[in-house]
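Scroll down for the structure; my scribbles are underneath it.
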Amino acid sequence: MGLLSYLKEIFTGKQDAPEAPVAPAAPAAPTKVEVPQPAEAKPAQTPADVKVEQKPEETKMEELPVADKITIGHVHMSGCTGCLVSLADNYEGLFALLDNYADLVYCLTLADVRDIPKMDVALVEGSVCINDHHSVEDIKKARENATIVVALGACAAYGNVTRFARGGQWNQPQHESYLPIGDLIDVDLYLPACPPSKESIRNVAVMAYLLLKGTDEQKELAAAYLKPLMDLAARGVEACGCDLMVDVINQGLCMGCGTCVAACPVRAIDMVYGKPNIDREMCIKCGVCYAQCPRSFFNFDVINQFEAIGEAIDAAMGKGGE
Amino acid sequence: MVLGSYKTAICARAADPGILAKSQDGGIVTQLFAFALEEGIIDGAVVAGPGDEPFKPEPIVATTVAELLEARGTRYTICPNMSMIKEATRTYGLDKVGIVGTPCQIQALRKAQLYPMGMRSVPDKIALAVGIFCMENFPYQGLETMVEDLCNVKMESAVKMDIGKGKFSVYTERGAVSQIPLKLTHKFEQGGCHVCLDYVANLADVSTGSVGTPDGWSTVFVRTKVGEDVWGRAIGAGYFETKDIADVKPGLDLVTKLANEKISKNQKTLEERATFGVNKGLRNPYL
């Protein structure tokens, strides 16, 4: 927890009293830290960037960890760490998640654990380089040790830029080395996009918690919420902007709302005559346009409850987010 | 439940005669966004702004009332407002975004909030979603054919188009009105509209449309807590004239009737699609 608690101090000003004795010697947590004042704590007294000395008597003891947290691991295959950055971009929301709902039991970047342990949810980022036997062993171990395997981001789900640098390009020798994880193991859930937004990772994490630890009613909601993402995983390891052509427009379902244009991370889509026009030279095959399209899946039983679910997630995060 | 869940239904029109001058009906969307912009409830709104050709809208992010006024009035063709939703939060850097959309666009918006894979910074920044009633929509070429070939009016000389009382009407700048029965327009509808199960934007914060209220007025459904708050403040500030919906003709009965018609027709389409071939069908996005 060394790095994590340090980060946490920076963001929330909270100190982890119980963990103090093992504070690392080298870049040790400074005694003076810049504390952004939480709005409700001291209204309009000190400017946000004023240096405040931490007074030990004011330090709150960290609340006891919630007994029933789920365990989450981040398994890093061949990806750019952008998906992990996206997870971390939840800022205080990440701490709310880690405080109340999930323990990060494995994450090469943020947790000091070398071997993939048993865990409830494995968030796998990146495709598998099959020329590296460690990667192949790791992905198999992740499947063995995790109850739910989530392909976090387009590389894990579809190969994305690791397979095709640009759309329609012939694959070069190095591209055939990278397989979407679904080519090697069963994947339970896809969270496509390059990278999946911080909010989507947050929502899936909360829903995974409800699925594993919630009341019957919450389990039902979480299962309904996650089902379309499981269907995406069942749909296969290939994605392309052409999915919009094949599975939406050719099926007579497109009504020209423009969601795909906003979702595309490389601006490969624009609307022509009220329908998406895909620049295949630009497409990185991340699959987000299809996943985000309201006519790929639209589950009334979940989305009709948008107000209640939004409020519940806000409450769970303590109004976290950005 | 064909009208979705709502807290209140009202008959209303904008109090500002300047807005009403060129609005489609009661000027609800323009007036509500103008109020929200002035009050800081939103920093800007994604609306259907003017495009290169007459009655061909382009989605814009309006950050001033002047831009909102440019976007007044219905154009019966596709305007991909959702395509600008991330532009609004990322390129324009708005923290509180308003958006107006047809029922399908509001559905897309709510999906984007709950499943925001490719919608970084969008879900938490939607401050006001206004939905408009919609029976179906037309591709631009279809609209052009209806106006120029069937109604015999040049697109350039049309000042207003309107659907109501079973007719599609085009008004010209010289005061002529050209009408065709709505039946003739059905073949120009875009196919994607025929699987839509939402008539009155059930998922919006506030939804509005002309059906149910007299000419120059609009029916308004206030649906969510956000909608209730903004609407209440706008009423309190005198931005709208209102009437009790129970007192106006034809009232909510007509809205319910049309909603039922649309939904049952499109349910039937979905069922037909499922068994369209021999042991093969077309995809149903709702399953």
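Chain A is the first sequence line, chain B the second, and so forth, proteins listed ahead of strands; every chain is numbered from 1.
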Carboxylate-amine/guanidinium contact Glu87(B) Arg267(A), below 4.0 Å:
yes
Which portion of Cys293(A) sits near chain B, non-hydrogen atoms under 4.5 angstrom
backbone
Give a yes or no on whether the backbone of Pro116(B) and the side-chain of Glu199(A) come within a donor-acceptor separation of less than 3.5 Å.
no
Can you say whether Val302(A) sits under 4.5 Å from chain B via the side chain, the backbone, both, or neither, judging by heavy atoms?
both
Let me know if Phe298(A) has heavy atoms under 4.5 Å from chain B in its side chain, its backbone, both or neither.
both
What part of Ile201(A) lies closer than 4.5 angstrom to a heavy atom of chain B: side chain, backbone, both or neither?
neither
Gly192(B) backbone acceptor or donor facing Arg295(A) side chain under 3.5 Å
yes
Do Phe300(A) and Tyr286(B) have ring centres separated by under 6.0 Å?
yes
Between Arg283(B), Gln141(B), Met82(B), Lys86(B), which residue shows the highest count of heavy-atom pairs closer than 4.5 Å to chain A?
Arg283(B)
With a 4.5 angstrom heavy-atom cut-off, is it the side chain or the backbone of Asp247(A) that approaches chain B, or both, or neither?
both
salt_bridge(Arg223(B), Glu307(A)) N-O dist < 4.0 Å:
no
Side chain / backbone / both / neither for Pro276(A) at chain B, heavy atoms under 4.5 Å
neither
Is the terminal nitrogen or CZ of Lys111(B) (NZ for Lys, CZ for Arg) located under 6.0 angstrom from the six-membered ring centre of Phe297(A) and within 45° of that ring's axis?
yes
When the 4.5 angstrom heavy-atom criterion is applied to Asn203(A) and chain B, the contacting part is side chain
Under a 4.5 Å heavy-atom cutoff, which of Arg273(B), Gln105(B), His194(B) has the most pairs with chain A?
Arg273(B)
For residues Ser200(A) and Met119(B), determine if any side-chain heavy atom of one lies less than 4.5 Å from a side-chain heavy atom of the other.
no
Asn304(A) side chain reached by Asn202(B) side chain, heavy atoms, under 4.5 Å
no
Side-chain contact, heavy-atom cut-off 4.5 Å: Leu229(A) with Tyr115(B)?
yes
Salt bridge present between Lys198(A) and Asp124(B) (N-O < 4.0 angstrom)
no
Can you tell which part of Gln251(A) gets under 4.5 Å to a heavy atom of chain B, answering side chain, backbone, both or neither?
both
